[in-house]
Amino acid sequence: MSMTVAELLADKAKQVPASTLFTVGPEVGVADAVALMTEKAISSVIVAEQGQMQGLITLREILVALNTRGGSIMQAKCRHVMKVNPPTAKLDDSVDHLRSLMTENHITHVPVMNDTQLVGILSFHDIARSAIKDVVFENQLLKQYIKNWPTNA
């Protein structure tokens, strides 16, 4: 059975205890959002207003804006750079579905919703970390199985 998005979020919380959801307002300057992303060593920030997600800024949105606006991007507001209505995942979605969503939409970050409430964000890095952990566990099980293989002596 495939892991769910809720299980992946729980795993992320164990792996990265300081995993906080960082948000900025739509009127916050892009320079401030970039400073936050740099300071916290994160590659995305949620744009929210009155507790509701308005959009998402990732490194991709920053690069696109830099390409189209040049250096003036640093004086722009987050609302002018953010991806409006980014694809989202639900807690009961499978990780396989999440991977497909990211691949089909060429995105690296997906906000996770519980009905209308934002509960987290998952990145392709989070999926990779979980997959590596699963492979290591499977590897240990296989080695133990092989070690205890019955001999016909």
Determine the minimum heavy-atom distance between Gly25 and Cys78, stating which atoms define it. O-CB, 3.8 Å
Consider only side-chain heavy atoms of I, L, V, M, F, W and Y, link residues closer than 4.5 Å, and tell whether Leu63 and Phe124 are in one cluster. no
Grab the two heavy atoms, one from Ser44 and one from Leu56, that are nearest each other, plus how far apart they are. CB-CD1, 4.1 Å
Does the side chain of Arg99 come within less than 4.5 Å of Ile127's, by heavy atoms? yes
Can you give me the closest heavy-atom contact between Leu118 and Pro111, atom names plus distance? CD1-CB, 3.7 Å
State, with a plain yes or no, whether a side-chain heavy atom of Val95 is found less than 4.5 Å away from one of Glu7. no
Contact check, side chains of Ile107 and Pro87, non-hydrogen atoms, under 4.5 Å: yes
Quick one: does any side-chain atom of Asp93 pair with a main-chain N or O of Ala89 as donor and acceptor, under 3.5 Å? no
Side-chain heavy atoms under 4.5 angstrom apart, residues restricted to Ile, Leu, Val, Met, Phe, Trp, Tyr: same cluster for Val84 and Val64? no
Are Gln75 and Ser72 linked by a side-chain donor-acceptor pair shorter than 3.5 Å? no
Measure across Asp126 and Ile121 and return the closest heavy-atom pair with its distance rounded to 0.1 Å. OD2-O, 4.0 Å
Locate the shortest heavy-atom distance separating Gly120 from Leu9; write the atom from each residue and the value. CA-CD2, 4.3 Å
Restricting to salt bridge (charged side-chain N to carboxylate O under 4.0 Å, His left out), what partner residues turn up for Asp32, sequence neighbours left out? none
Tell me if the CG atom of Asn85 is crowded by more than 12 foreign heavy atoms within 6.0 Å. no
Close side-chain approach of His109 to Met102, heavy-atom, < 4.5 Å: no
Taking C-beta and beyond as the side chain, do Lys83 and Arg60 meet within less than 4.5 Å on heavy atoms? no
For Glu104, all residues meeting salt bridge (charged side-chain N to carboxylate O under 4.0 Å, His left out), sequence neighbours excluded: none
State whether the side chain of Glu61 and the backbone N or O of Thr58 hold a donor-acceptor pair below 3.5 Å, judged by distance alone. yes
